[in-house]
Amino acid sequence: MARPVVGIISNSVLINDSYPTHAGGTMNSEAVACVAGCLPLIIPADPRYSPVEDLLEICDGFLLTGGRPNVHPEEYGEEATEAHGAFDRARDAVALPLVRACVERGQPFFGICRGFQEVNVAMGGSLYPEIRDLPGRMNHRMPPDGTLEEKFALRHRVRLAEGSVFHKLFGAPEVMTNTLHGQGIKRPGARIEVDGWAPDGTPEAIHVQDAPGFTLAVQWHPEYDAANDPVSRPLFTAFGDAVRAWSAGRRAPLQRSA
């Protein structure tokens with residue numbers, strides 16, 4: 001039987017500063033294929049090519065990836081400033097309505113970094129443009145230099161709410177994670193439950209309350225070394241289980257009518 005399909009939301013990238021592409025990091029595909037056990041499918045993050053209604057029918061679940069461009073602040077009622085960085089309005093136009101549709105349908109998604117922020121904004125929340133500029137906050141951005149291993153190294157603990165879905169998933173009150181982000185949650189959106197915090201109070205793990213499906217999202221990057229990392233592996237395993245359950249439920253009516 002064919003593996004269920006996970007749509008990986010891509011990022012717009014210019015190759016050699018001139019050739020436009022839609023790209024997805026290899027480690028995202030590897031985590032989906034090798035840990036979640038699903039078929040990774042790179043989705044062009046542009047509504048002209050990827051209408052949300054089509055994506056919901058083609059894919060069984062979605063991975064909302066990290067990316068350098070940020071969600072445009074107009075999406076949460078604020079004006080853009082230099083501190084907000086670069087934007088990708090086409091991705092906003094796909095990811096935000098996709099999150100809301102998945103929450104309503106119970107279709108699973110897993111948000112990572114920018115994807116974590118997209119989930120919050122899609123549900124009516126807002127973002128800080130630069131966490132490190134806030135009093136008492138640490139610098140959550142990735143080191144500017146070094147190897148890939150050094151950039152994705154574990155750098156801080158995340159404290160988990162007792163009894164939360166993340167606490168149960170990891171079987172521990174706190175975990176070690178990497179950190180490679182500049183923005184972060186300012187105001188949680190409607191039904192957004194914050195389940196994990198960095199030592200400086202920055203939200204790091206969320207889910208959508210009372211949603212019928214898998215809606216977990218994290219601010220760190222669990223796709224790195226997902227097969228071996230003790231925090232990443234259970235996240236992608238649980239996501240894969242949710243996608244398979246959705247796929248099986250969707251196939252059942254077809255099998256009964258055959």
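Both backbone and side-chain heavy atoms feed into the values below; hydrogens, waters and symmetry mates do not. Values in this document were obtained by computation on a predicted structure and should not be read as measured data.
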message: I need the full list of side-chain hydrogen bond (donor to acceptor under 3.5 Å, both in side chains) pairs touching residues 17-44, with sequence neighbours left out, sorted by first then second residue.
response: none
message: Please determine whether side-chain contact (heavy atoms from CB on, under 4.5 Å) holds for the pair Phe166 and Leu235, giving the CA-CA distance in whole Å, both sets of side-chain angles, and the decisive distance to 0.1 Å.
response: CA-CA 9 Å; Phe166 290 91; Leu235 280 170; 4.0 Å; yes
query: Does Arg187 have any salt bridge (charged side-chain N to carboxylate O under 4.0 Å, His left out) partners at least two apart in sequence or in another chain, and if so, which?
result: none
message: Between Asp195 and His167 (side chain of the first, backbone of the second, donor and acceptor by atom type, cut-off under 3.5 Å), is there such a pair?
response: no
message: Please report the interatomic distance CD1(Ile112) to CH2(Trp220), rounded to the nearest 0.5 Å.
response: 10.0 Å
Derivation and outcome, side-chain contact (heavy atoms from CB on, under 4.5 Å), residues Val94 and Leu55: CA-CA 10 Å; Val94 171; Leu55 297 180; 4.0 Å; yes
- request: Check whether any side-chain heavy atom of Asp54 lies under 4.5 Å from a side-chain heavy atom of Tyr49, and answer yes or no.
  value: no
- prompt: With hydrophobic residues grouped by side-chain heavy-atom distances under 4.5 Å, do Met142 and Met27 end up in a single group?
  reply: yes
Side-chain heavy-atom pair His181, Glu204 within 4.5 angstrom cut-off: yes
- prompt: Is it true that Tyr224 and Phe239 fall in one hydrophobic cluster, defined by side-chain heavy atoms closer than 4.5 Å?
  reply: no
- prompt: Can you name the nearest heavy-atom pair linking Ile43 to Gly7, along with the distance?
  reply: CG1-CA, 3.7 Å
message: Quick check: do Ile192 and Gln209 have side-chain heavy atoms less than 4.5 Å from each other?
response: no
- request: Measure across Arg244 and Ala36 and return the closest heavy-atom pair with its distance rounded to 0.1 Å.
  value: NH1-O, 2.7 Å
field: Joint hydrophobic cluster, Trp246 plus Leu98, side-chain heavy atoms closer than 4.5 Å
entry: no
task: Please work out whether the ring planes of Phe110 and Phe214 are parallel, tilted or perpendicular, with thresholds of 30° and 60°.
output: perpendicular
message: Can a side-chain donor-acceptor contact be found between Thr202 and Arg137 if the only test is distance below 3.5 angstrom?
response: yes
task: Write down the atom of Phe236, the atom of Val35, and the distance for their closest heavy-atom approach.
output: CB-CG1, 3.6 Å
query: Given Ile206, which of Ile185, Leu216, Val218, Thr215 fulfils the side chain to side chain contact (heavy atoms under 4.5 Å, CB included) condition?
result: Ile185
message: Going by the rule salt bridge (charged side-chain N to carboxylate O under 4.0 Å, His left out), which residues pair with Glu104 if we only count those two or more places apart in sequence or in a different chain?
response: none
query: Rounded to the nearest 0.5 Å, what separation is found between the CZ atom of Arg191 and the NE2 atom of His207?
result: 9.5 Å
field: Arg114/Asp92 salt bridge by N-O under 4.0 Å criterion
entry: yes
task: Report the C-alpha separation of Glu57 and Arg105 in whole Å, then their side-chain angles, then the decisive distance to 0.1 Å, and conclude whether the salt bridge (charged side-chain N to carboxylate O under 4.0 Å, His left out) test is met.
output: CA-CA 11 Å; Glu57 294 304 316; Arg105 290 161 58 96; 3.7 Å; yes
- prompt: If you round to the nearest 0.5 Å, how far is CG of Leu96 from CZ of Arg89?
  reply: 9.0 Å
query: In this structure, are over 12 heavy atoms from other groups packed under 6.0 Å from Glu149 atom CD?
result: yes
message: Any non-hydrogen side-chain atom of Leu14 less than 4.5 Å from a side-chain atom of Pro20?
response: yes
- line: For Met176, the other hydrophobic cluster members (4.5 Å side-chain criterion, sorted by chain and number) are Leu154
field: Side-chain heavy-atom pair Leu127, His84 within 4.5 angstrom cut-off
entry: no
task: Could you tell me the separation between the CD1 atom of Ile58 and the CD atom of Glu53, rounded to the nearest 0.5 Å?
output: 10.5 Å
message: Looking at Ile9, is its backbone amide N or carbonyl O close enough to the side chain of Thr65 to form a donor-acceptor pair, meaning the two atoms are under 3.5 Å apart?
response: yes
field: Non-hydrogen atoms of Trp197 and Ala161 that approach each other most closely
entry: CZ3-N, 3.8 Å
field: Under 3.5 Å: donor-acceptor pair, side chain of Ser232, backbone of Glu223
entry: no
- request: Indicate yes or no: at least one non-hydrogen side-chain atom of Glu82 is less than 4.5 angstrom from one of Glu130.
  value: no
task: Would you kindly confirm whether Val194 and Phe116 end up in one hydrophobic cluster when ILVMFWY residues are joined by side chain heavy atoms under 4.5 Å apart?
output: yes
statement: In short, Asp88 meets Ser12 closest at the heavy-atom pair OD2-OG, 3.5 Å
message: Taking ring pair (Phe, Tyr, Trp, His ring centres under 6.0 Å) as the definition, give me every residue that meets it alongside Phe109, ordered by chain and number, with sequence neighbours left out.
response: none
message: Would Phe152 and Asp225 count as a side-chain contact (heavy atoms from CB on, under 4.5 Å) here? Give the steps.
response: CA-CA 9 Å; Phe152 282 87; Asp225 197 28; over 6 Å; no
- prompt: Between Met123 and Val103, is a side-chain contact (heavy atoms from CB on, under 4.5 Å) present by the stated rule, with each step listed?
  reply: CA-CA 9 Å; Met123 300 303 292; Val103 169; 4.3 Å; yes
- request: Report the residue from Leu63, Asp60, Val6 that forms a side chain to side chain contact (heavy atoms under 4.5 Å, CB included) with Cys38.
  value: Val6
Any side-chain heavy-atom pair of Phe87 and Pro73 under 4.5 Å: yes
- prompt: Does Gln183 offer a backbone N or O that forms a donor-acceptor pair with the side chain of Gln117 under 3.5 Å?
  reply: yes
message: Using 0.5 Å steps for rounding, measure from the SG atom of Cys102 to the CG atom of Leu64.
response: 7.5 Å
message: Side-chain heavy atoms nearer than 4.5 Å, only ILVMFWY residues, links allowed to pass through others: does that put Val52 and Leu41 together?
response: yes
- prompt: CZ of Arg155 to CE of Met138: how many Å apart, nearest 0.5 Å?
  reply: 6.0 Å
field: For Glu174, all residues meeting salt bridge (charged side-chain N to carboxylate O under 4.0 Å, His left out), sequence neighbours excluded
entry: Arg157
task: State, with a plain yes or no, whether a side-chain heavy atom of Glu150 is found less than 4.5 Å away from one of Pro143.
output: no
field: Residue pair Ser10 / Ala45: nearest heavy atoms and the distance that separates them
entry: OG-N, 3.2 Å
field: Ala227 backbone acceptor or donor facing Arg233 side chain under 3.5 Å
entry: yes
